[in-house]
Amino acid sequence: MLTINLLREQPSAVIERLKIKNFDATEIIAHVLDLDRRRRELQSEGDALQAELNNLSKEIGSLMKEGKKEQAEAAKKGIGNLKERQKQLTEAFDAASAEMQNEIIRLPNIPHPGVAPGKSAEDNVVVRGGGGIPELYPGAVPHWDLIKKYDIIDFDLGIKITGAGFPVYKGKGAKLQRALINFFLDEGEKAGYREIEPPIVVNEDSGFGTGQLPDKEGQMYHVGIDNLYMIPTAEVPITNIYRDVILEAADLPIRNMGYTPCFRREAGSWGAHVRGLNRLHQFDKVEIVQIAHPERSYDSLEEMVSHVENLLKKMDLPYRIVRLCGGDMSFTSAMTYDFEVYSAAQQRWLEVSSTSNFESFQANRLKCRFREKGAKQTTLCHTLNGSALALPRIVASLLENNQTPEGIKIPKALIPYTGFELIS
RNA sequence: GGAGAGAUGCCAGAGAGGUCGAUUGGGGCGGUCUCGAAAACCGUUGUCCGGGUAACUGGACCGGGGGUUCGAAUCCCUCUCUCUCCGCCA
């Protein structure tokens, strides 16, 4: 959520920069500023009235104390009208505030000046890449065939137990999951992240804090009886640790990470290119989250990008890093890097991580602030997060890229974690 | 799940219709003393929304929401959470 101060102070600059996201904010901002003006007028009038009422009450109080009953009763007489007026003012103020809030919430985050304009993924900027595209042997097949051949991931069994998109990992398939999670967490710890094991269902306030609610409730599984939401990403609980918190500047940046299963309904997004592990309702992910000083949040972003890149290098996966153009960025992000690994048998790039700086957009909703040493004033923090990493597509490309006639070779860095070198 | 108790500022804890943003203690910060530190003493210490260049100033906030009243931290209703006992249980 953008701050009202920014909209007040530089409305035209906001409109200009939101064009990069192909968003025309002209009308919304005009409406917001109008509501803001009205709201402030109403508040001034309401506050003055309240001050008058407070004074009258105090007078009545002292009259009562002095035993001047009649005078006190007389003073009560005029109050009725004032209270009627106050009721009107309060209602008008609440209405204007609520409407303003609803309008502001519709505005996406402002992209960083470094974000390129563009309409779709076609316009994204490839920053760099690494790892050679492997030459597969003639009998190579996509991962959805490999998992059957080696009986390591079972979609049909998942359908029986739960439904489509809930795979069952078996034997070496299950152990590979566990190995990847431990590998990612250990690497994260080396990079200075504190490990968190959060709840995987959250309340409404948390959903609102990171921006899943009120808009995207259709994308989350909802536990109706207790009004809780199953998390689509560990970003939600881990970032919400800092909801309604005032930090010290010296505490920043804060680096947390956590492994959780993630649940996504993916309503309406099934179709071509989502076979096998490419898109699931439940998957495992290690998420890294930083709370940063506004002046240094892009250092944090670079640091996170290097960390993710390092993971991909260690697993010898062919990858590329892409800076998303305005049109392909999420509503809440100011700058996003996507990491893609090449899936040799599918012959396409698969997104395995999205690492973003949200600047103060989430922090404003979260009320996550910090204070400079000695300062009285608080300032919104910047929040960042990234997948490091999401498992399914990593598994897909590991299986496809490393397949040989003898079986699937496990990358060296993972062998200490799997305890085996080959899936055969 | 049943019964009871409770929710106040960074923490502990007063406060039970009138001047309470809230006694007091601890902690933190600043100062005096000291070569320095401790102790002691003095001072200070929340958040949010308006107005004002500023000094300053109006309003709100005592778990959330609603009500009674001229006036509520204090009374009533409701929700949430915590604790104790009982039951159940990984």
Side-chain angles (χ1 to χ4, degrees), chain A residues 1-9 32-105 197 199-209 213-214 222-229 237 240-251 254 261 360 363-381:
Chain A
M1 187 167 82
L2 297 176
T3 63
I4 182 66
N5 283 340
L6 181 68
L7 299 177
R8 250 182 230 158
E9 284 159 20
V32 165
L33 292 180
D34 194 47
L35 287 164
D36 181 47
R37 240 173 274 120
R38 203 157 90 219
R39 195 185 109 251
R40 283 191 288 170
E41 280 168 19
L42 288 164
Q43 178 172 350
S44 288
E45 198 183 334
D47 282 357
L49 185 59
Q50 182 66 58
E52 195 181 341
L53 282 165
N54 287 345
N55 286 332
L56 284 172
S57 293
K58 279 181 189 169
E59 277 174 36
I60 291 171
S62 35
L63 286 173
M64 296 289 251
K65 245 186 193 161
E66 293 165 28
K68 297 176 181 167
K69 280 253 164 65
E70 318 77 51
Q71 285 187 45
E73 287 304 319
K76 282 188 196 179
K77 288 269 155 61
I79 285 181
N81 290 332
L82 295 180
K83 294 203 81 176
E84 187 51 40
R85 175 73 187 137
Q86 184 183 41
K87 200 180 159 195
Q88 290 168 3
L89 284 172
T90 308
E91 276 169 15
F93 175 81
D94 289 347
S97 303
E99 198 181 344
M100 186 177 90
Q101 173 85 355
N102 287 338
E103 288 293 290
I104 294 178
I105 275 180
E197 186 180 307
I200 60 171
V201 291
V202 296
N203 58 29
E204 268 183 14
D205 285 345
S206 294
F208 180 83
L213 297 175
H222 183 219
V223 185
I225 193 169
D226 292 310
N227 196 24
L228 297 171
Y229 294 87
N240 270 282
I241 293 172
Y242 301 95
R243 169 154 50 84
D244 286 320
V245 166
I246 299 174
L247 298 156
E248 302 281 337
D251 297 336
I254 292 172
S360 61
N364 190 29
R365 282 181 161 224
L366 290 161
K367 297 202 186 72
C368 172
R369 293 156 291 171
F370 75 97
R371 199 179 342 243
E372 299 288 357
K373 193 171 168 58
K376 198 167 160 48
Q377 206 185 353
T378 61
T379 312
L380 291 171
C381 299

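Every heavy atom of this structure was used, including side-chain atoms; hydrogens, water molecules and symmetry mates were not. Below, chains carry the letters A, B, ... as their sequence lines are ordered, and counting in each starts from 1.
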Paired to B:G52 by Watson-Crick or G-U wobble criteria (both distances under 3.5 Å) is none

Going by side-chain hydrogen bond (donor to acceptor under 3.5 Å, both in side chains), name the residues that satisfy it together with A:Arg369, two or more places apart in sequence or in a different chain.
none

Atom pairs under 3.5 Å, N or O on each side, protein against nucleotides 48-51 of chain B: can you list them with distances?
residue	atom	partner	partner atom	Å
B:C48	OP1	A:Arg369	NH1	2.8
B:C48	OP1	A:Thr378	OG1	3.0
B:C49	O3'	A:Arg39	NH2	3.3
B:C49	O2'	A:Gln43	OE1	2.5
B:C49	O2'	A:Gln43	NE2	3.3
B:C49	O2	A:Gln43	NE2	2.7
B:G50	OP1	A:Arg8	NH2	2.7
B:G50	OP1	A:Arg39	NH2	3.2
B:G50	O4'	A:Gln43	NE2	3.3
B:G50	O2'	A:Ser44	OG	3.0
B:G51	OP1	A:Arg40	NH1	2.8

Salt bridge (charged side-chain N to carboxylate O under 4.0 Å, His left out) with A:Arg39: which residues, sequence neighbours excluded?
A:Asp36

Sort and list the pairs that fulfil salt bridge (Lys or Arg N to Asp or Glu O under 4.0 Å) and have at least one residue in residues 46-58 of chain A, not counting sequence neighbours.
none

Looking only at atom P, what distance separates B:C48 and B:G87, rounded to whole Å?
48 Å

For nucleotides 78-82 of chain B, tabulate all protein N/O to nucleotide N/O atom pairs closer than 3.5 Å, reporting atom names and distance.
none

Residue set satisfying salt bridge (charged side-chain N to carboxylate O under 4.0 Å, His left out) with A:Glu45, at least two apart, ordered chain then number -> A:Arg85

Distance between P atoms of B:G26 and B:U44 (Å, rounded):
15 Å

Only counting residues at least two apart or in another chain, list the ones meeting salt bridge (charged side-chain N to carboxylate O under 4.0 Å, His left out) with A:Arg371.
none

What is the pairing partner of B:C10, taking Watson-Crick or G-U wobble pairs with both distances under 3.5 Å in any strand?
B:G26

Taking ring-ring contact (aromatic ring centres under 6.0 Å, His included) as the test, write out the residues that go with A:Phe370, two or more places apart.
A:His293

Please list, chain by chain and in numerical order, all residues satisfying side-chain contact (heavy atoms from CB on, under 4.5 Å) with A:Thr90, sequence neighbours excluded.
A:Gln86, A:Asp94

